[in-house]
Amino acid sequence: METTSIQKETELERSNDLFQVIQNRRSIRKYKPGDIPDVDLKRILEAARLAPSAENGQPWRFILVKEQSTKELLAQPSTQSFISNANIIVVVLGDTSTSCCPSATWTTRDPMIATEHLVLAATALGYGSCWIANYQSRPKKWVDEVKQVLKIPESMHIVVLVALGIPDEYPKPRSRKKLQELSFDEIFGNPMYFH
Ligand SMILES: Cc1cc2nc3c(=O)[nH]c(=O)nc-3n(C[C@H](O)[C@H](O)[C@H](O)COP(=O)(O)O)c2cc1C
């Protein structure tokens, strides 16, 4: 079926090409109602499961929240109310009880690596997503309530939330620093030239 230009503005096209997926990914903050089929969810989570981690500790856990009242709890008190319209909110947890690396450094960093795998896999399948880290500024009372409602064990901390859903927008790419500002040849500050 031919894709109309209106569809193109709001839809993420499926792609298996990694570089295309990286280019296609946007933070999506508007979602269409609808369900993400289990077959896709499984592939998205599988991509997260395969992420690398320090000493292969895999200190990540994911809770998939679909229940509207729970999504609303996750969205408040916050300026990020759009997340309650996401089809799913993924609550990414860090497991501080893993024997290899209980330090908060890895139990935060490793889950974030897995989260980007998850986000890219979702993009590859045509879904929109948005990292949400601003919950960190929310009161402890909220964190305690979320932990209680989601039955999150004491040894787990919330690393980040990811809104996931069927995109209803496809924003223009946000600007990025130039490669020359970020990468150097042999020593810091030495510009990199590509032949
Ligand atoms: C760790 C992290 C935390 C983020 N937290 C939020 C957030 O709380 N709310 C939000 O709307 N976007 C959040 N974002 C999305 C960024 O704003 C977004 O990635 C950035 O502006 C670049 O836009 P793009 O993702 O569309 O390329 C976050 C992204 C990352 C990686």
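All residue numbers refer to positions in the sequence shown, counting from 1. Note that ligands are numbered from 1 as they come in the structure, with each ligand's atoms numbered from 1 the same way.
Interface atoms of ligand 1 facing Cys130, defined by a heavy-atom separation under 4.0 Å, are 10 (C), 11 (O), 12 (N). Close approach of ligand 1 to Arg26 (heavy-atom distance below 4.0 Å) involves ligand atoms 26 (O).
In terms of N/O distances under 3.5 Å, ligand 1 is approached by Ser27. Considering backbone and side-chain atoms alike, Ala133 places an N or O below 3.5 Å from some N or O of ligand 1.
Residue contacts with ligand 1, taken as heavy atom pairs separated by less than 4.0 Å, do not involve Pro173 at all. The residue Lys172 has no part lying near ligand 1, judged by heavy-atom distances below 4.0 Å.
Taking CD of Gln180 as the start and CZ of Phe194 as the end, the distance is 6.5 Å to the nearest 0.5 Å. Note that CZ of Arg174 is 8.5 Å distant from OG of Ser27, once rounded to the nearest 0.5 Å.
At least one heavy atom of Met112 sits closer than 4.0 Å to an atom of ligand 1.
Ion pairing between Arg14 and Asp40 holds under the 4.0 Å rule for side-chain N and carboxylate O. In summary, Lys140 and Asp144 engage in a salt bridge, as defined by a charged side-chain N under 4.0 Å from a carboxylate O.
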Name every donor-acceptor pair, under 3.5 Å, that has one atom in a side chain of residues 83-94 and the other anywhere in the protein, sequence neighbours excluded.
{"residue": "Ser84", "atom": "OG", "partner": "Ser81", "partner atom": "O", "Å": "2.9"}
{"residue": "Asn87", "atom": "OD1", "partner": "Ile166", "partner atom": "N", "Å": "2.8"}
{"residue": "Asn87", "atom": "ND2", "partner": "Lys32", "partner atom": "O", "Å": "3.1"}
{"residue": "Asn87", "atom": "ND2", "partner": "Gly34", "partner atom": "O", "Å": "2.4"}

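With sequence neighbours left out, the ring pair (Phe, Tyr, Trp, His ring centres under 6.0 Å) criterion links Phe82 to no other residue.
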